[in-house]
Amino acid sequence: MSYDLVIKNGTIVTHDRIFRGDIGIKNGKIMEVSEEILIEGSSDNTIDAEGLHIIPGLIDTHVHFNEPGRTEWEGILSGSKSLAASGVTTFFDMPLNSNPPTVNKSGFDAKQEQAEEKSVIDYRLWGGLVPENVSALEELVQCGVIGFKAFMSPSGIDDFHHSDDVTLFKGMNEIARLNSILAVHAESTVITEQLANQKQQEGKITARDFCESRPIISEMEAVRRILSYAEATGCKLHIVHASSSSVVRLVTEAKRRGVDVTVETCPHYLSLTVDDITELGPIAKCCPPLRVQEEVEELWISLANGEIDVIGSDHSPAPPSMKTMTDGNIFKAWGGISGAQSTLSILLEEGYWKRNIPLQKIVEITSTNPAKRFGLYPSKGTISAGADADFSIVNLHENFQLKKEDLFYRHPHSPYIGKSFRGKNVMTLVKGTIVFKDGEIIPKEKVKTN
C-alpha cells in the first residue's frame with residue numbers, strides 16, 4: 001500500500017507498551033503499525049523519528065478559550081496554537097468564559113463557528129448546566145457537546161451562574177437520561193465564602209490567606225454531596241481539578257460502590273505549591289488553590305496507583321490587568337493559571353524524570369483515558385490501525401528553559417516561565433498533518449516532512 005506519510009524508526013509508546021516501529025498514514029488515519037514499513041520510490045513523505053518517542057496526541061479535556069465574547073483574554077487561534085506546541089491534538093473547550101456561554105443551541109453555534117474557523121487542532125465543546133437551562137440540555141446533546149459542566153460555587157463570571165442543589169439533581173437526572181456526563185467544579189460555597197469574608201474583614205489578604213480560605217475540606221464536602229447525587233440519579237460524573245489526594249480517595253471509594261465517576265487533576269497541583277503563589281502572586285492563583293508540598297507528593301502517589309483518571313490543564317487565562325493585586329489584596333485578582341502549553345513538559349520533568357512515572361502511565365492519563373471516558377476511543381487515544389493519526393513526537397533528552405517568547409498565548413505569562421524541563425515535544429501531527437515543528441506552528445501550505 002502507498003501511504004501519504006510514513007513515520008520511521010521511532011519508539012512508539014501506548015498506554016500498555018513501548019516498542020520500536022514504523023507508522024503508515026493515509027487520509028488522516030493510521031493504516032499500519034509495524035516493525036518496518038518498506039517504502040517504494042521517493043522518501044519525500046517520511047519522517048525519521050530515530051532517537052525520538054512517538055505518543056498518542058494529548059487530549060486536554062479542560063481549557064477556557066473564551067471565544068466568542070472574551071477573546072481579549074484568550075482566543076481559539078492562540079489557545080490552540082499553544083496546545084499544538086505542547087503535543088495536544090484535541091481539546092475540550094469549557095462553556096465559560098465565552099459570551100454567550102454554551103448553555104443553549106445559539107451559544108453552541110456561536111462557539112462552533114469560531115472553533116471551526118480558527119482552531120489548528122481537533123476539538124470538542126462542553127455544554128453548561130446552569131439554573132436557567134435544564135430544559136435546554138437535550139438540544140445541546142443534539143448539537144454534539146462532549147458533556148456538561150457545572151459549578152457548585154460561584155464561577156466568577158456573571159453570565160454563568162453556579163448550580164444550587166436542586167438544579168444539580170434535576171440536571172443530573174436529565175443528563176443520565178441523555179446518557180451524557182457531568183463535570184463539576186466542586187467547592188463548598190458556604191465554606192469558601194465565609195472564610196474569604198472573615199479573612200478580608202481581618203485584613204488578612206495575602207496569598208497564603210487566600211489558600212487558607214479555600215481549604216481541602218471545602219472540596220471534600222462538595223465532592224461527597226455530588227457523589228451522593230450521582231449515586232441517586234445514575235448520572236456519569238467527572239470531578240475536575242482535584243487538588244488533594246483526600247479528594248481522590250473519595251472518588252476511589254465511590255468507584256468501589258459502583259458509582260460511575262472519574263477524577264481529574266491538573267499539572268499545577270503536581271508541580272506548584274503555596275510557596276509558589278506566595279512568591280509569584282496572582283500569576284499562580286487558581287481555584288481550588290495550590291496546596292503544600294506534602295499534598296503534591298500525595299497526588300503523585302495517587303497518580304502512580306492509578307487512582308487519577310485524567311490530567312486537564314484547566315487553562316484559564318486573563319489579561320495582565322486582571323492578574324494584579326488591588327491594594328495588595330490577592331482575593332481581588334483573577335483566579336486562573338495559564339498552563340495549556342506546559343502539561344507534557346511538567347509530566348515528563350516532575351513525573352518521568354523525578355518520580356519514575358512510566359511513559360505508559362503518562363499516555364494513559366493524558367490520552368487513552370480521556371478518549372475512553374468521553375467516547376472518542378479507539379479513534380483517539382491510541383496508536384493502532386484505524387485510529388486518527390494524532391501524535392506528539394518527543395525528544396526525551398532535550399533540556400530547555402521555558403521563556404516568555406516561547407509561549408503562544410495571547411498574553412504570554414505563566415508561573416512556569418524560567419523553569420527548566422527535560423523532555424520536549426518537537427513535532428505535533430493532527431490527522432496526519434504536521435501542525436507544529438521545531439518551535440513553529442506550520443501553516444498547511446508549508447507542511448513538509450524531512
Side-chain angles (χ1 to χ4, degrees), residues 61-62 92 94-95 126-131 133-138 140-141 145-155 161-192 214-266 269 287-288 298-299 302-303 305-312 314 365 369-375 377:
T61 57
H62 193 155
F92 299 172
M94 284 293 174
W126 285 98
L129 170 61
V130 293
N133 84 326
V134 174
S135 62
L137 301 183
E138 184 168 5
L140 283 166
V141 168
V145 295
I146 199 71
F148 294 92
K149 170 72 178 293
F151 276 73
M152 298 179 72
S153 57
S155 71
H161 298 143
H162 75 284
S163 295
D164 57 76
D165 288 351
V166 172
T167 298
L168 288 168
F169 198 87
K170 288 182 176 179
M172 292 173 78
N173 264 320
E174 179 69 355
I175 291 166
R177 182 184 72 82
L178 296 168
N179 193 31
S180 189
I181 187 169
L182 178 68
V184 289
H185 178 128
E187 288 184 283
S188 165
T189 301
V190 172
I191 293 174
T192 58
R214 305 183 87 97
I216 293 168
I217 193 64
S218 167
E219 286 184 76
M220 295 175 69
E221 187 280 329
V223 168
R224 287 191 182 102
R225 188 157 29 105
I226 202 70
L227 285 171
S228 69
Y229 298 167
E231 203 160 359
T233 62
C235 180
K236 289 185 285 188
L237 184 65
H238 184 65
I239 306 296
V240 301
H241 51 51
S243 74
S244 168
S245 61
S246 298
V247 174
V248 175
R249 280 193 291 272
L250 293 176
V251 174
T252 301
E253 292 166 4
K255 289 176 181 176
R256 294 187 184 123
R257 298 197 305 271
V259 180
D260 191 347
V261 58
T262 44
V263 63
E264 156 202 308
T265 194
C266 307
Y269 299 123
C287 300
E298 288 295 323
L299 267 182
S302 295
L303 187 152
N305 290 340
E307 296 171 332
I308 293 172
D309 301 286
V310 172
I311 300 290
D314 193 10
I365 59 177
N369 282 356
K372 288 181 176 180
R373 183 55 166 163
F374 295 99
Y377 190 87

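Throughout, residue positions are numbered sequentially from 1 according to the sequence presented.
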Report task. Take Arg257 and Glu253, measure what salt bridge (charged side-chain N to carboxylate O under 4.0 Å, His left out) needs, and give me the verdict at the end. Result -> CA-CA 7 Å; Arg257 298 197 305 271; Glu253 292 166 4; 5.2 Å; no
Report task. Might you work through the side chain to side chain contact (heavy atoms under 4.5 Å, CB included) test for Lys255 and Glu307, ending with a clear yes or no? Result -> CA-CA 10 Å; Lys255 289 176 181 176; Glu307 296 171 332; over 6 Å; no
Report task. In sequence, state the C-alpha distance, the side-chain angles, and the governing distance for Leu227 and Glu231, and then conclude on side chain to side chain contact (heavy atoms under 4.5 Å, CB included). Result -> CA-CA 6 Å; Leu227 285 171; Glu231 203 160 359; 5.8 Å; no
Query - Working for side chain to side chain contact (heavy atoms under 4.5 Å, CB included), residues Lys236 and Asn179 - result: CA-CA 8 Å; Lys236 289 185 285 188; Asn179 193 31; 3.4 Å; yes
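A heavy-atom distance below 4.5 Å is not found between the side chains of Ser244 and Glu298. Under the 4.5 Å side-chain criterion, counting only non-hydrogen atoms from C-beta, Val261 is not in contact with Ile226. Met152 is not listed as a side-chain neighbour of Glu187, based on a closest heavy-atom distance of 4.5 Å or more.
Remark: Ile191 CD1 to Ile216 CD1 distance equals 12.0 Å, nearest 0.5 Å. Atom CG of Leu168 is separated from atom CG of Asn173 by 11.5 Å, given to the nearest 0.5 angstrom. To the nearest 0.5 Å, the span separating CG on Leu250 from CZ on Arg224 amounts to 5.0 Å. One distance of note links CG of Asn133 with OG of Ser163; it measures 8.0 Å at 0.5 Å rounding. Rounded to the nearest 0.5 angstrom, Thr265 OG1 and Ile308 CD1 are separated by 5.5 Å. In this structure, the separation between CH2 on Trp126 and CD1 on Ile181 is 6.0 Å, given to the nearest 0.5 Å.
Applying the side chain to side chain donor-acceptor pair (under 3.5 Å) test between His238 and each of Thr262, Asp260, Thr61 identifies Thr262 as the sole match.
Checking side-chain atoms of Glu264 against main-chain N and O of His241 turns up a donor-acceptor pair under 3.5 Å. Panel note: side chain Tyr229, backbone Cys235; no donor-acceptor pair is recorded below 3.5 Å. Counting only distance, with no hydrogens or angles, the side chain of Ser218 and the backbone of Arg214 share no donor-acceptor pair below 3.5 Å.
Under the 4.0 Å criterion applied to side-chain N and carboxylate O atoms, Arg177 and Glu174 are assigned as salt-bridge partners.
Between the side chains of Glu219 and Ser243, at least one donor-acceptor pair of N or O atoms lies under 3.5 Å. Judged by distance alone, the side chains of Ser246 and Arg249 do bring a donor and an acceptor atom under 3.5 Å apart. Side-chain contact check for His162 and Ser155: no donor-acceptor pair (N or O, by modelled atom type) lies under 3.5 Å. Defined by atom type and a distance below 3.5 Å, a donor-acceptor pair is present between the side-chain atoms of Asp164 and Thr167.
For the pair Ala242 and Val247, the tightest heavy-atom approach, listed with the atom from each and the gap, is CB-CG1, 3.8 Å. Here the closest heavy-atom approach between residue Ala232 and residue Phe169 is recorded as CB-CE1, 3.9 Å. Residues Ala186 and Val223 come closest through the heavy atom pair CB-CG2, 3.7 Å. Across every non-hydrogen atom of Ser245 and Leu299, the tightest pair is N-CD2, 3.8 Å. Listed here is the closest heavy atom pair of Phe374 and Ile146: O-CD1, 3.5 Å. What you find for Leu137 and Gly128 is that their closest heavy atoms are CD2-O, 3.9 Å.
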